[in-house]
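Notes to accompany the following structure.
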Amino acid sequence: MKNMHEKIRVRFAPSPTGPLHIGGVRTALFNYLFAKKHNGDFLLRIEDTDQARYVSGAQEYIMNSLKWCGIEVDEGINEGGNFGPYKQSERKEIYKKYIQILLDNKSAYYAFDTPEELDAMRKKLEKSGSSVRHYNFQTRKEMKNSFTLSEDEVKQKIKNGHPYVVRFNIPENEEITVKDIIRGEIKVNSSQLDDKVLFKSDGLPTYHLANIVDDYLMQISHVIRGEEWLPSLPLHVLLYRSFGWENKMPEFAHLPLLLKPSGKGKLSKRDGDQLGFPVFPLEWKDSETNETFTGYRESGYLPEAFINMLALLGWTPEGDREILSLEDMIAEFDLNKVHKSGARFSPEKAKWFNQQYIINTPDEKLTDLLLPEIEKRFPDVDVLYVEKVIGLVKERMQLLTDFYQQASFFFETPKEYNQKVVKKRWKEDTPKLMSEIYDILKNIPEIKFTTEYTEQAVKTFIEKNELSFGKILNPLRLVLTGTGGGPHLFDIISAVGKEETLFRIEKGIREIKK
RNA sequence: GGUCCGUUCGUCUAGUGGUUAGGACGCCGGGUUUUCAUCCCGGUAGCAGGGGUUCGACUCCCCUACGGACUGCCA
C-alpha cells in the first residue's frame with residue numbers, strides 16, 4: 001500500500017468527556033513526535049458528538065494539558081487552520097451531506113428500532129446461545145429498517161418525524177485485510193462485524209462516521225490512536241471504500257494500552273488516588289461530585305520528566321539512553337519501534353525520571369518554578385538565597401514539592417527535634433560540647449562566617465581535643481536542622497548565618513533532653 | 001459467549017535462528033559523603049507451557065494457558 005499523502009498530517013482527537021488521562025497524553029505525544037519527526041502537522045480535533053457525555057471545562061483542560069507538556073498544536077480551535085471547524089459539533093451539516101452519499105449508494109440504511117427492541121433482540125440472541133449478538137445481515141431481517149419496510153413506509157415514517165438512525169450496510173462474508181503499522185496485517189470476515197450506527201437520531205454522527213469524514217477532509221495521513229480502536233478498524237476501512245476514498249485512506253497505528261501498576265486491567269481514573277499517584281497531567285475538579293483529582297504538575301513533576309517517562313512506556317529509542325528531551329525524542333521517534341503489548345505503569349520509575357530531571361535542571365529555573373509557593377510559606381525571602389538553597393537540596397528531591405520538607409530549616413528555626421536522632425546522637429556530655437562550639441563560632445567575625453572558615457574552626461577544635469567527628473557533627477546537625485540528614489553541615493551554617501546558628505545551638509542545648 | 005490483539009527478570013525493555021540472554025527502575029550488599037541524598041562498584045532475578053520445523057530455537061509454525069481490548073443511537 002503506497003502512501004498517497006505528500007504531507008504528514010496527524011491528529012489527536014479526544015472527546016471532552018472529562019480530564020485527559022495519561023494514556024491520552026501519551027497518544028497525543030506519539031502523534032506529535034511522529035508529526036514533528038517528519039516535518040508534518042499536528043492537529044487537535046475535539047470529538048464532541050455525544051452531547052450527553054459532554055463535560056464543561058474538559059476541552060480547556062485538554063488544551064492546557066498539552067501546553068504544559070510542551071506539545072504544540074499546529075491546527076485546532078485556538079490555532080486556526082484551513083480545515084476547520086475543528087470541533088465536530090460545529091460540523092453537523094458536513095456529516096449530513098456525507099451520510100446522504102452512503103444512503104444513496106446503498107452503503108447505509110435507515111433503522112427505526114427502539115432501544116427496547118434492540119435490547120430484546122440482543123437478549124434473545126444471547127439466550128439462544130448464538131455466538132453473534134449483532135445487528136447484522138442476518139438479524140436485520142427481523143428488525144424495523146429499510147430492508148424489512150417498504151420504501152414508502154420508510155419515507156412516511158421519516159416524514160412523520162419518527163426517530164431513526166442510519167446504519168452501515170455491512171456486506172456478508174467478505175474477507176477484509178487491514179494493515180496496522182505496529183501490528184502488521186489483520187484479517188477479519190465481514191460477517192463478524194455489525195451494522196454500526198453511523199448517524200444518531202439526534203442528528204449527529206457517531207464516532208465512526210465523523211472520524212472517517214473528518215480524517216478524509218482534513219487530509220490526515222496517519223491515524224495513531226489507542227488499541228481500543230483496533231476492533232473497529234475493519235469497519236473504518238469498509239467506510240473508506242464505501243465513500244470511494246480507499247486511495248486516500250490514512251495509514252493506521254494502534255498504540256498498546258497503559259496497564260495498572262499491579263493487578264488486572266488497564267489504568268483507570270480511579271487507580272491514581274487509590275494507589276497514591278496521579279493519573280492526570282493536571283489537577284481536575286469534578287464539578288458534579290466536587291471531587292478533586294491530583295495532577296502530575298501539582299504533585300511536583302517537571303513536564304519534561306513526565307513526557308519522557310510516558311514516551312518510554314511502549315516505545316524504546318535506539319541504544320540504552322533513557323533520558324531524552326522532547327527534541328531528542330522527535331529525532332529518534334519511529335512508529336515501527338512501538339511495542340505491541342500493553343505497558344504497566346510504574347510510579348517508582350516515574351519518580352526516578354523526575355529526580356533525574358530535577359538534578360539536571362539549573363538552580364535558576366527551579367527557583368522560578370518554586371518561588372511563588374515558597375513566598376507563600378516564607379514571605380520576604382531573598383531570591384538569591386532561595387536559589388542557593390535549591391542548589392544545596394535539589395539532589396535529594398524526587399518531586400518539586402519535596403523541597404519543603406528538605407529545606408524548611410533554611411527558612412525557619414526547627415520547632416522540634418527528631419526523637420530517634422536525639423536518642424542516638426545526644427549524649428550526656430553533648431550540651432557541654434555544644435556550648436564550646438557555640439563559643440568558637442561566636443568568636444568568628446560575621447564576615448568570616450563562611451562554609452570553609454566555620455568548618456576549619458570546628459575541625460580544629462575536634463582535633464585539638466581528640467574527639468570524634470561524629471560526636472560533634474551529629475548533634476550540631478541536630479540542633480541546626482532538627483533531623484539527622486541534609487546537605488553539608490557547614491553549608492547550612494553559613495547559609496543561615498551567624499546569629500541564627502548561635503541561636504539554634506543555644507535553643508538546642510536548652511530544649512533537647514534525654 | 002464471540003471477534004481481534006498480545007505474552008523476555010517483580011516492572012519498563014534490548015534482542016529478528018548459533019549471545020555467558022544486555023540495559024534501566026526496584027530490592028540487597030559495598031565504596032564515597034564521618035549525616036541523608038547524589039555518585040561509583042557489585043549482586044538478585046526472566047525467554048508462560050506443550051508440540052513441531054531445523055544441525056541448532058527467546059527468535060519461525062501450531063495448540064494450550066494466561067492477559068488485554070472490543071462486542072452501545074460512548075468515544
Side-chain angles (χ1 to χ4, degrees), chain A residues 13-17 47-50 52-53 111 113-115 118-119 122 125-126 129-135 163-167 178 180 182-184 186-189 191-194 196-208 210-211 225-234 254 256-257 259 261-262 264-266 309 312-316 318-323 337 339-353 355-356 359 392-398 402 406 421 425 462 468-474 476-478 481 483-489:
Chain A
S15 218
T17 55
E47 308 220 331
D48 58 342
T49 55
D50 183 6
R53 290 212 305 156
D113 318 279
T114 64
L118 288 168
D119 197 44
R122 290 188 185 110
L125 286 166
E126 195 179 337
S130 164
S131 62
V132 178
R133 293 164 196 178
H134 297 150
Y135 203 114
Y164 69 89
V165 299
V166 178
R167 284 182 180 275
V178 298
D180 181 275
I182 296 167
R183 282 149 222 282
I186 297 159
K187 290 187 179 64
V188 186
N189 189 292
S191 296
Q192 301 293 343
L193 271 28
D194 62 343
K196 277 271 184 275
V197 171
L198 298 178
F199 207 79
K200 300 180 283 183
S201 57
D202 64 3
L204 284 166
T206 59
Y207 170 85
H208 305 290
N211 202 256
R225 73 229 299 192
E227 193 187 343
E228 68 268 27
W229 293 109
L230 196 55
S232 45
L233 180 54
H254 290 86
L257 261 19
L259 274 19
S262 60
K264 287 184 173 188
K266 67 170 179 178
M309 173 274 290
L312 296 201
L313 249 26
W315 171 67
T316 324
E318 205 76 49
D320 281 341
R321 217 145 61 102
E322 289 200 287
I323 302 296
K337 297 209 74 179
H339 314 139
K340 295 176 166 70
S341 51
R344 229 179 246 284
F345 170 75
S346 162
E348 289 305 318
K349 190 120 188 200
K351 278 189 187 167
W352 177 80
F353 271 110
Q355 184 176 40
Q356 296 301 307
I359 290 171
L392 292 174
V393 303
K394 69 173 181 179
E395 62 195 25
R396 60 211 89 209
M397 290 162 57
Q398 283 198 308
D402 287 340
Q406 291 296 338
V421 181
R425 310 292 194 193
I462 292 169
S468 77
F469 282 82
K471 203 165 172 52
I472 297 300
L473 266 27
N474 287 320
L476 189 53
R477 173 178 294 281
L478 178 66
T481 69
T483 71
H488 185 58
L489 183 55

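As a basis for the values below, the full set of heavy atoms in this structure was taken, side chains included, without hydrogen atoms, waters or symmetry mates. Chain identifiers are assigned alphabetically (A, B, ...) following the order of the sequence lines, protein sequences preceding nucleic acid strands; residue numbering begins at 1 within each chain.
- At a threshold of 4.0 angstrom between heavy atoms, the contacts of A/Asp113 include nucleobase atoms, whether or not backbone atoms are also involved.
- For the P atoms, the distance linking B/A37 with B/C27 amounts to 11 Å, nearest Å.
- Both distances falling under 3.5 Å, in either a Watson-Crick or a G-U wobble arrangement, place B/C55 opposite B/G18.
- B/C63 and B/C5 have their P atoms separated by 12 Å, given to the nearest Å.
- Using a 4.0 Å heavy-atom distance criterion, A/His339 is classed as a sugar-phosphate-only contact.
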Below 3.5 Å, can you tabulate the donor-acceptor pairs from side chains in residues 198-207 of chain A to any protein atom, sequence neighbours excluded?
from, atom 1, to, atom 2, distance (Å)
A/Lys200, NZ, A/Thr49, O, 2.7
A/Asp202, OD1, A/Leu204, N, 2.9
A/Asp202, OD2, A/Gln51, NE2, 3.3
A/Thr206, OG1, A/Val197, O, 2.8
A/Thr206, OG1, A/Leu198, O, 3.4
A/Tyr207, OH, A/Asn211, ND2, 3.2
A/Tyr207, OH, A/Arg225, NH2, 3.3

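- When heavy atoms are screened at a 4.0 angstrom cut-off, A/Gly226 is found touching no nucleic acid atom at all.
- No engagement by A/Lys394 is indicated, since no non-hydrogen atom pair under 4.0 Å with the nucleic acid exists.
- Taking a pair to require two hydrogen-bonding distances under 3.5 Å in either a Watson-Crick or a G-U wobble arrangement, B/C70 pairs with B/G2.
- Every residue meeting the side-chain contact (heavy atoms from CB on, under 4.5 Å) condition with A/Pro261, not counting sequence neighbours, appears here in chain and number order: A/Leu267, A/Leu275, A/Phe277, A/Phe345, A/Pro347.
- Comparing B/A65 with B/G49, their C1' atoms sit 7 Å apart, to the nearest whole Å.
- Comparing B/G22 with B/G43, their P atoms sit 11 Å apart, to the nearest whole Å.
- Across all strands shown, A/Ser131 has heavy atoms under 4.0 Å from base atoms, whether or not it also approaches the sugar-phosphate.
- By the salt bridge (Lys or Arg N to Asp or Glu O under 4.0 Å) test, A/Arg53 is found to be paired with A/Asp50, residues two or more places apart in sequence or in another chain being considered.
- Note on A/Ser130: nothing from the nucleic acid sits closer than 4.0 angstrom, heavy atoms only.
- Under the ring pair (Phe, Tyr, Trp, His ring centres under 6.0 Å) criterion, A/His208 pairs with A/His236, not counting sequence neighbours.
- At a threshold of 4.5 Å between non-hydrogen side-chain atoms, the residues A/Ile462 and A/Leu473 count as touching.
- Atom C1' of B/U44 sits at a distance of 33 Å from the matching atom of B/G51, rounded to the whole Å.
- For the C1' atom pair drawn from B/A21 and B/U3, the interatomic distance equals 36 Å after rounding to whole Å.
- Taking atom CZ of A/Arg133 as the reference point, atom P of B/U71 lies 13 Å away to the nearest angstrom.
- Remark: A/Pro256 engages A/Arg26, A/Arg183, A/Val338 in a side-chain contact (heavy atoms from CB on, under 4.5 Å) (not counting sequence neighbours).
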Kindly indicate, with the supporting measurements, whether the criterion side-chain contact (heavy atoms from CB on, under 4.5 Å) is fulfilled by A/Glu322 and A/Lys349. CA-CA 11 Å; A/Glu322 289 200 287; A/Lys349 190 120 188 200; 3.0 Å; yes
Quick one: which protein N/O atoms are closer than 3.5 Å to N/O atoms of nucleotides 27-30 of chain B? Pair and distance per line, please.
none

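- In this view, A/Ser341 satisfies the side-chain contact (heavy atoms from CB on, under 4.5 Å) rule with no residue, not counting sequence neighbours.
- Both distances falling under 3.5 Å, in either a Watson-Crick or a G-U wobble arrangement, place B/C27 opposite B/G43.
- Straight-line distance between the C1' atoms of B/U64 and B/U7: roughly 13 Å, to the nearest whole Å.
- Spacing of C1' atoms, B/C25 relative to B/A14, comes out at 15 Å, to the nearest Å.
- Distances shown here put every side-chain N or O of A/Lys337 at or beyond 4.0 Å from the OP1 or OP2 atom of B/U13.
- When the ring pair (Phe, Tyr, Trp, His ring centres under 6.0 Å) test is applied to A/Trp315, the partners found at least two apart in sequence or on another chain are A/Phe333.
- The side-chain contact (heavy atoms from CB on, under 4.5 Å) check on A/Asp48 picks up A/Pro16, A/Ile46, A/Tyr54, A/Lys87, A/Gln88, A/Ser89, with sequence neighbours excluded.
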All N/O pairs under 3.5 Å across the protein-nucleotides 4-11 of chain B interface:
from, atom 1, to, atom 2, distance (Å)
B/C5, O2', A/Arg183, NH1, 2.6

Can you give one letter per nucleotide of nucleotides 35-45 of chain B, 5' to 3': B if a protein heavy atom sits under 4.0 Å from the base, S if only from the sugar-phosphate, - if neither? BBBSS------
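- With sequence neighbours excluded, no residue forms a ring pair (Phe, Tyr, Trp, His ring centres under 6.0 Å) with A/His339.
- Among the atoms of the strands shown, none is found under 4.0 Å from any heavy atom of A/Val132.
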